[in-house]
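The structure under discussion appears below in the form of C-alpha cells.
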Amino acid sequence: MSTTPVLATPCRTVRAAARTAVGLPPSALDAMLDAAYETHRRFRHGAFAEPCPTCHVSAGELCLARRSVHAARRLAHRARETRSELDSAPLTPR
C-alpha cells in the first residue's frame with residue numbers, strides 16, 4: 001500500500017481545458033469548433049453521416065443541442081463502421 005497522498009484534481013470541462021492548453025480566447029476556440037462541426041456536417045464525415053436518433057435530425061444536419069453530437073448518434077456511426085469493416089474483411093483460404 002502506498003503512503004503517497006492523493007491530491008484532488010479540479011474538475012474542468014473539456015472546453016475549459018482546451019482553452020487553457022491552446023491559449024486561445026474563448027471566442028476563437030468557439031469559432032474553431034463551429035467551423036469544424038460545419039465542415040463535418042457539410043461533407044457528412046463521422047457521426048454526421050448518420051441520422052440522430054435522439055433529436056431526430058437527418059444525416060448531414062447538426063444535432064439540436066448546439067456544439068455537441070449526441071451519444072446515440074456516435075454509437076450508431078461506430079456500429080456502422082464495425083459492420084462495414086467486418087463485411088469488407090477478406091476471406092482467408094482454408
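In this structure a side-chain-to-backbone donor-acceptor pair under 3.5 Å is missing from R74 to A47.
Closest heavy-atom contact between C63 and C52: SG-SG, 3.7 Å. Contact record, A59 with R73: CA-NH2, 4.1 Å, taken as the closest heavy-atom pair.
For residues 47-60, the side-chain hydrogen bond (donor to acceptor under 3.5 Å, both in side chains) pairs, not counting sequence neighbours, are E50-R80.
Under the side-chain contact (heavy atoms from CB on, under 4.5 Å) criterion, A36 pairs with no residue, sequence neighbours left out. Residues that satisfy the side-chain hydrogen bond (donor to acceptor under 3.5 Å, both in side chains) test with H40, not counting sequence neighbours, are absent from this structure. For E61, the side-chain hydrogen bond (donor to acceptor under 3.5 Å, both in side chains) test picks out no residue, with sequence neighbours left out. In this structure, E81 has no salt bridge (charged side-chain N to carboxylate O under 4.0 Å, His left out) partners at least two apart in sequence or on a different chain. Under the side-chain contact (heavy atoms from CB on, under 4.5 Å) criterion, A31 pairs with no residue at all, not counting sequence neighbours.
Residue L62 shares its hydrophobic cluster (ILVMFWY side chains chained together at separations under 4.5 Å) with Y37, F48, V69. Through side-chain heavy atoms spaced under 4.5 Å, either directly or across other Ile, Leu, Val, Met, Phe, Trp or Tyr residues, L64 is tied to V57.
Expressed to the nearest 0.5 Å, how far OG of S27 lies from CE of M32 amounts to 11.0 Å.
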